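All values derive from a computational prediction rather than experimental measurement. Per chain, numbering begins at 1; letters A, B, ... match sequence-line order.
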There are 2 protein chains.
Amino acid sequence: MTGVRAQQKEKTRRQLIDAALSQLSAERSFSSLSLREVAKEAGLAPTSFYRHFADMDELGLTLVDEAGLTLRQLMRQARQRIEKGGSVINISVRTFMEFIDDNANIFRLLLRERSGTSAEFRAAVSREIRYFTLELADYLQAANQLDHQIAQYQADAAVTVVFSAGADALDMNQAEREELSHRTISQLRFIARGAADFSSRIKNKKTT
Amino acid sequence: MTGVRAQQKEKTRRQLIDAALSQLSAERSFSSLSLREVAKEAGLAPTSFYRHFADMDELGLTLVDEAGLTLRQLMRQARQRIEKGGSVINISVRTFMEFIDDNANIFRLLLRERSGTSAEFRAAVSREIRYFTLELADYLQAANQLDHQIAQYQADAAVTVVFSAGADALDMNQAEREELSHRTISQLRFIARGAADFSSRIKNKKTT
DNA sequence: ACTTTCAGCTAACAAGTGTACGCCAAAATA
DNA sequence: TATTTTGGCGTACACTTGTTAGCTGAAAGT
């Protein structure tokens, strides 16, 4: 079944993806990458690119999928660490900061294409972030017995704040990141406190 | 003093700026604009561009400045409306949403270049947003008698949430925006509530 | 009135872009 | 074994890009 051919094809497809990913940096966005550059980096003739993707957009959307996968790994890792005890917020922020370090370019891709020029890209990134947020909302609702909508709002705000902090972290040195983490943790506490407060009000209203 | 010549130069410089601004859209980012396109739109020969800007980056930074100016107008307008009474958060969100409508492309510029490929651009945008945040922090501290750092954190979180909502709003229809506004208002309340709570704790600590 | 300054022009260039076409060798299929 | 499929290549084309060099006419300066 897994013929030599299909295997080889998958391999060079992977090379194209990795080539694109490796060329991303602070100074280089996906949209500034040319088909020829990516093909060259992958050790392919420009025209061979078409054997794997119809155009750069298709490659880009694949990368966004990949990023979504990474995001889910992040969530999983944070959960595992939380299970072992400790402040949920502290652990989450630290885990996220590690993620930024290890996957800076993937994170940059998400940040940039979220407000990019392709509606399809924007939708794809939004979708990935929405999944991420939804998962967090479920967790918050269950863990803190919150009103459903309030948990949604809290999750959304938290993700927004954390992602924004991640974006800022990209341009920072270690000392600055420490301070940033502290700020982010405080902000997440604000949000959690406020959400808990409003949620209990709603419940009191319902039971009286 | 204001020779015919200098006046004319200023005018075509303005044309270049406006040309660039007018070509920005959901599908077109500043970085995807070429010098030739901008010159053409301004009714100039490509090479005449250099009489006004050294390169596209210089034009772009001018645009960011312009955006900062608009941001300050936004803040001023929100304040005026707040003085006339009403919920601060409600008015702020509504004013911001209007701003998004009227200045969609300027706002897109800020969003995109904030995570763009030019360190100089990123710094410029950060600076404008920092001013904006600082102004809000001062206001919050004075109005709600908050701890200084907490006011900073609150302002930062609020700006983050509102900007993020603005980014989302760009791709939405009217009905969706209504819901988005509602969500944003709730999130700002969470943050404000949490900040107030933590701030009063600090003060109690200090006075005991 | 004479000279200098300079915003704007045209022409031209080298470099890079996406993509169409056709060829080839090796794997897959019959 | 004979045939078909297909991943990869080289060539070629039409475009767009930023930028240099040099000219011109009118405003500014003397």
Side chains of [X] and [Y] in contact at under 4.5 Å (non-hydrogen atoms):
X	Y	value
B:Leu74	B:Phe132	yes
A:Glu179	A:Met172	no
A:Leu59	A:Phe49	yes

(message) Quick check on C:dA7: is either OP1 or OP2 less than 4.0 Å from any side-chain nitrogen or oxygen of B:Ser48?
(response) no
(message) Can you give me the closest heavy-atom contact between A:Glu58 and A:Phe53, atom names plus distance?
(response) OE2-CA, 3.9 Å
Nearest-Å distance, [atom1] ([X]) to [atom2] ([N])?
X	N	atom1	atom2	result
B:Phe53	C:dA7	CZ	C1'	14 Å
A:Arg5	C:dT29	CZ	P	9 Å
A:Lys11	D:dG7	NZ	P	16 Å
A:Lys40	C:dA15	NZ	P	13 Å

Below 3.5 Å is the cut-off: list the nitrogen or oxygen pairs between protein and nucleotides 15-19 of chain D, distance only.
from	atom 1	to	atom 2	distance (Å)
D:dT17	OP1	B:Ser34	OG	2.8
D:dG18	OP1	B:Leu35	N	3.0
D:dG18	OP2	B:Leu35	N	3.3
D:dG18	OP2	B:Arg36	N	3.3
D:dG18	N7	B:Arg36	NH1	2.4
D:dG18	O6	B:Arg36	NH1	2.8
D:dT19	OP2	B:Tyr50	OH	2.9
D:dT19	O5'	B:Tyr50	OH	3.4
D:dT19	O4	B:Arg36	NH1	3.3

(request) Establish, for the pair A:Arg193 and B:Phe198, whether the NZ or CZ atom is under 6.0 angstrom from the six-membered ring centre and no further than 45 degrees off its axis. (result) yes
(message) Please enumerate all residues that pass side chain to side chain donor-acceptor pair (under 3.5 Å) together with B:Gln77, with sequence neighbours excluded.
(response) none
(message) Looking at the base of C:dC6, is there any donor atom on it, or on the side chain of B:Arg51, that sits under 3.5 Å from an acceptor on the other one?
(response) no
